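Presented below is the structure to which this report refers.
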Amino acid sequence: MGREAPSMAPMAIPSDRTLIFTYGTLKRGFSNHKLLQSLMQSNHATFVGPAATSSPIPLVCGPYRVPFLLNLSSCRSDEIYPVSGELYSVSPLGLARLDELEGVSKGHYERFPLKVRVIKGEGNGEEGMETEREVEAQGYFGHRSYAMEMWKRNGEKGLREYTKEVATGYVRRMDRPQGLTFLDHIRYFVESKG
């Protein structure tokens with residue numbers, strides 16, 4: 001039997017909440033998940049469930065094994081895949097805290113809408129996920145000012161998922177060389193050859 005198509009029925013989430021797709025260090029088991037844990041403890045975030053992008057999107061690693069989704073509709077490659085991650089429902093305060101972590105106001109990442117499939121599984125989100133559904137969420141993408149260079153620096157090859165193995169060599173923000181901005185680190189990374 002073939003697999004059923006995802007239901008297009010909307011998820012019931014409070015009107016003041018935003019669905020956020022996480023794919024990297026905000027996921028459970030990774031270094032920045034402590035922010036989401038704190039938001040969940042204060043009722044500013046809820047874990048909805050495992051999810052994946054509905055269409056292929058370039059996922060690459062940058063300096064210090066930091067992951068980046070890239071908003072590059074012009075990319076043509078056989079090595080771009082739907083990206084696996086997690087979906088959270090966050091309050092306005094939660095969204096502001098995530099934007100701050102991702103450096104949205106500093107040009108580090110940009111937050112854009114994207115369609116994701118919520119995968120039937122262990123989520124405790126609103127209305128309990130009985131079936132796989134496609135929903136619109138927000139995701140953090142590498143800023144357009146460096147996205148194409150980041151794609152080229154990664155050999156125009158995307159990842160399916162940011163896993164522990166992929167993250168090997170990840171360096172936490174506090175352990176990175178000081179005196180340089182995040183954008184400086186990115187610039188040096190994309191300009192390097194190795």
Side-chain angles (χ1 to χ4, degrees), residues 18-33 35-36 50-88 95 98-117 119 134-194:
T18 301
L19 291 174
I20 293 290
F21 175 71
T22 64
Y23 56 87
T25 63
L26 284 165
K27 295 189 309 180
R28 293 171 295 168
F30 289 86
S31 64
N32 286 323
H33 186 67
L35 172 57
L36 279 168
T53 61
S54 295
S55 58
I57 298 177
L59 170 65
V60 297
C61 285
Y64 310 109
R65 301 305 291 170
V66 173
F68 297 86
L69 278 183
L70 301 175
N71 188 26
L72 298 173
S73 58
S74 62
C75 281
R76 300 291 175 250
S77 173
D78 291 337
E79 297 199 44
I80 302 174
Y81 310 97
V83 175
S84 295
E86 299 172 352
L87 191 65
Y88 292 85
L95 188 60
L98 291 170
D99 281 356
E100 181 182 346
L101 174 79
E102 300 294 3
V104 171
S105 68
K106 298 175 182 177
H108 299 174
Y109 286 83
E110 297 176 284
R111 182 167 39 85
F112 292 119
L114 73 161
K115 291 197 182 304
V116 299
R117 293 181 338 272
I119 300 164
E134 184 176 72
V135 297
E136 186 157 305
Q138 298 276 312
Y140 292 96
F141 290 79
H143 196 274
R144 71 190 83 174
S145 64
Y146 61 79
M148 184 54 78
E149 290 79 16
M150 184 74 71
W151 177 239
K152 289 176 182 174
R153 173 65 172 76
N154 277 273
E156 299 184 5
K157 295 179 181 178
L159 301 165
R160 295 176 193 270
E161 182 175 6
Y162 188 72
T163 63
K164 293 286 188 182
E165 293 77 30
V166 169
T168 299
Y170 174 79
V171 178
R172 296 177 310 161
R173 194 174 295 181
M174 66 168 89
D175 296 330
R176 297 175 195 157
Q178 302 301 304
L180 296 173
T181 69
F182 187 63
L183 293 175
D184 289 336
H185 290 292
I186 290 170
R187 189 178 79 249
Y188 292 137
F189 176 78
V190 298
E191 291 174 355
S192 70
K193 302 294 182 211

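Here the structure is a predicted model, which is why all the values come from computation and not from measurement.
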ask   = Between Arg176 and Val171, is there a donor-acceptor pair closer than 3.5 Å when you use the side chain of the first and the backbone of the second?
value = yes

request  = Look at atom CD of Glu136 and say whether more than 12 heavy atoms of other residues, nucleotides or ligands are closer to it than 6.0 Å.
outcome  = yes

ask   = In Å, rounded to the nearest 0.5 Å, how long is the span from CZ of Phe112 to CG of Asn71?
value = 5.0 Å

inquiry  = Given Tyr109, which partner from the list Phe141, Phe68, Tyr23 fulfils the ring pair (Phe, Tyr, Trp, His ring centres under 6.0 Å) test?
reply    = Phe68

Closest contact, heavy atoms only, Leu159 versus Cys61 = CD1-SG, 4.0 Å

request  = Walk me through it: do Arg28 and Glu86 pass the test salt bridge (charged side-chain N to carboxylate O under 4.0 Å, His left out)?
outcome  = CA-CA 8 Å; Arg28 293 171 295 168; Glu86 299 172 352; 2.9 Å; yes

request  = Measure across Trp151 and Glu79 and return the closest heavy-atom pair with its distance rounded to 0.1 Å.
outcome  = CH2-O, 4.2 Å

query = Can you tell me how far OG of Ser145 sits from CZ of Arg187, rounded to the nearest 0.5 angstrom?
reply = 11.5 Å

key: Shortest non-hydrogen contact from Leu59 toward Pro67   = CD1-CB, 4.3 Å

ask   = Under 3.5 Å, side chain of Ser31 to main-chain N/O of Thr25, donor-acceptor pair present?
value = no

query = How would you list all residue pairs meeting ring-ring contact (aromatic ring centres under 6.0 Å, His included) that involve residues 163-185, not counting sequence neighbours?
reply = Tyr64-His185, His108-Phe182

message = Determine whether a donor-acceptor pair (N or O, by modelled atom type, separation under 3.5 Å) exists between the side chain of Tyr162 and the backbone of Arg65.
response = yes

ask   = Looking at Phe30, does the NZ or CZ of Lys164 lie under 6.0 angstrom from its six-membered ring centre and within 45 degrees of the ring axis?
value = yes

query = If you round to the nearest 0.5 Å, how far is CD1 of Ile80 from CG of Leu72?
reply = 8.0 Å

task = Decide if atom CG of Asp78 counts as having more than 12 heavy atoms of other residues, nucleotides or ligands within a radius under 6.0 Å.
result = no

ask   = When rounded to the nearest 0.5 angstrom, what is the spacing between CE in Met150 and CZ in Phe189?
value = 6.0 Å

query = For Tyr140, what residues pass the ring pair (Phe, Tyr, Trp, His ring centres under 6.0 Å) criterion, not counting sequence neighbours?
reply = none

Nearest-0.5 Å distance, CD of residue Glu110 to CG of residue Leu69 = 12.0 Å

query = Quick one: OG1 on Thr22 to CG on Leu87, what's the gap to the nearest 0.5 Å?
reply = 8.0 Å

ask   = Given Phe21, which of Val116, Ile57, Leu26 fulfils the side-chain contact (heavy atoms from CB on, under 4.5 Å) condition?
value = Val116

request  = Applying salt bridge (charged side-chain N to carboxylate O under 4.0 Å, His left out), run through Glu134 and Arg117 and close with a yes or a no.
outcome  = CA-CA 4 Å; Glu134 184 176 72; Arg117 293 181 338 272; over 6 Å; no

request  = Say whether, by atom type as modelled, one donor and one acceptor occur between the side chain of Glu156 and the main chain of Asn154 under 3.5 angstrom.
outcome  = no

message = Between Thr181 and Asp184 (side chain of the first, backbone of the second, donor and acceptor by atom type, cut-off under 3.5 Å), is there such a pair?
response = yes

task = Please indicate whether Arg111 has more than 12 foreign heavy atoms, meaning atoms of other residues, nucleotides or ligands, lying under 6.0 Å from its CZ.
result = yes

Stepwise side-chain hydrogen bond (donor to acceptor under 3.5 Å, both in side chains) test for Gln138 and Thr18 = CA-CA 7 Å; Gln138 298 276 312; Thr18 301; over 6 Å; no

ask   = Minimum heavy-atom separation for Leu183 to Gly107, with atom names?
value = CD2-O, 3.6 Å

